[in-house]
Amino acid sequence: GQGQAEGQLNDPVGVALLDGAGTEQTILVTEYFNHRVSEFALDGTFLRIFAGTTREADEDEYEVPGSSDDGEFDCAAGITVLASSGEVVIADEGNHRVQIFDRQGNFQRKFGSEGEEEDGQLKGADSLASDAYGNILVIDFSTNRLQVFNSQGEHLCTRNDLGLKAGGFKGLAWGAHGQL
């Protein structure tokens, strides 16, 4: 159901399956306005907050406040799991960055800074996908470009000729045969 308590969702945006490394898969859900990622069993049972923290909104507020600390979010958006390592990559839209966590939800590293002029800068990192090589594909909410980073967050290339419209949420997926 909708809400801010653990197990409730507040504007779910992204979904990914996390391989349990010997155990059952789980479902990770990014919550835009709760600024966190919740983890559920395949049957829908809430397991835990995977990343971010549970914070309470003010009495008349719909939205809890975001954070720019490592491992915290200001509007968690897209999510993908790197097949090469099992690491979880999450778009932190309000902080204009991407954060990477291990399978247990421990913060590992981040990349990106606010901007839209230089390669590697992000303006509302929104949609994510990963390719077969462990590269991370990022589309911003506020720009018309796709950027590709390696798994360490080093910028590889930028494309702004794909016909993407600046503004508005976008979806992104990488197909088994290399289709975007």
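At least one side-chain heavy atom of D74 sits less than 4.5 Å from a side-chain heavy atom of H35. A heavy-atom distance below 4.5 Å is not found between the side chains of V81 and D19. Between S38 and E31, some side-chain heavy-atom pair lies under the 4.5 Å cut-off. A 4.5 Å side-chain heavy-atom check between E72 and T53 finds at least one atom pair inside the cut-off. Counting only heavy atoms from C-beta outward, the side chains of V98 and L128 approach each other to under 4.5 Å.
Nearest heavy-atom pair, N34 versus Q8, reported as atom, atom and distance to 0.1 Å: ND2-O, 4.0 Å. Contact between A91 and A125 at its shortest, heavy atoms only, is CB-O, 3.6 Å. S151 and I100 get closest at one heavy-atom pair: O-CD1, 3.5 Å. Considering every non-hydrogen atom in both N10 and Q2, the closest pair reads OD1-NE2, 4.4 Å. In this structure, Q147 and Q121 approach most closely via the heavy-atom pair NE2-O, 2.7 Å. Counting all heavy atoms, side chain and backbone alike, S84 lies closest to G134 at OG-CA, 3.6 Å.
Both V138 and V89 are assigned to one and the same hydrophobic cluster, defined by single-linkage of ILVMFWY side chains at heavy-atom distances under 4.5 Å. The hydrophobic cluster containing L156 also contains L162, counting ILVMFWY residues as joined when their side-chain heavy atoms lie under 4.5 angstrom apart, directly or transitively. With hydrophobic clusters built from ILVMFWY side chains whose heavy atoms lie under 4.5 angstrom apart, I136 shares a cluster with L122. Neither V148 nor L82 shares a network with the other; the hydrophobic side chains, linked directly or stepwise wherever heavy atoms of I, L, V, M, F, W or Y lie under 4.5 Å apart, form separate groups for each.
Rounding to the nearest 0.5 angstrom, the gap separating the CZ atom in R159 from the CG atom in N144 is 12.0 Å. Rounded to the nearest 0.5 angstrom, L18 CG and E24 CD are separated by 12.0 Å. Summarising the geometry, atom CG belonging to L146 is positioned 6.5 Å from atom CG belonging to L172; distances are rounded to the nearest 0.5 Å. To the nearest 0.5 Å, the span separating OG1 on T26 from CG on L28 amounts to 5.0 Å. Taking CD of E116 as the start and NZ of K123 as the end, the distance is 6.0 Å to the nearest 0.5 Å. Atoms CG and CZ, on D119 and R145 in that order, are 6.5 Å from each other to the nearest 0.5 Å.
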Pair I139, L137 - check side-chain contact (heavy atoms from CB on, under 4.5 Å), show working.
CA-CA 7 Å; I139 295 179; L137 295 81; over 6 Å; no

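Grouped by direct or indirect side-chain proximity (heavy atoms under 4.5 Å, Ile/Leu/Val/Met/Phe/Trp/Tyr only), I49 sits with L9, V15, L17, I27, V29, F40, L42, F46.
In this structure, F73 and F101 have tilted ring planes: the angle between them lies in the 30° to 60° band.
The main-chain N or O of S142 is never found under 3.5 Å from a side-chain atom of D140 such that the two would form a donor-acceptor pair. In this structure, T30 contributes its side chain and A77 its backbone to a donor-acceptor pair below 3.5 Å.
The list of salt bridge (charged side-chain N to carboxylate O under 4.0 Å, His left out) pairs with a residue in residues 75-101, not counting sequence neighbours, reads E87-R109, D92-R97. Pairs passing the salt bridge (charged side-chain N to carboxylate O under 4.0 Å, His left out) check and including a residue from residues 126-137, sequence neighbours excluded, do not occur. Under the ring pair (Phe, Tyr, Trp, His ring centres under 6.0 Å) criterion, the residue pairs touching residues 143-162 are F111-F149, F149-H155, with sequence neighbours excluded.
Here D43 pairs with A41, T45 under the side chain to side chain contact (heavy atoms under 4.5 Å, CB included) rule; sequence neighbours left out. Every residue meeting the side chain to side chain contact (heavy atoms under 4.5 Å, CB included) condition with Q104, not counting sequence neighbours, appears here in chain and number order: D102, N106.
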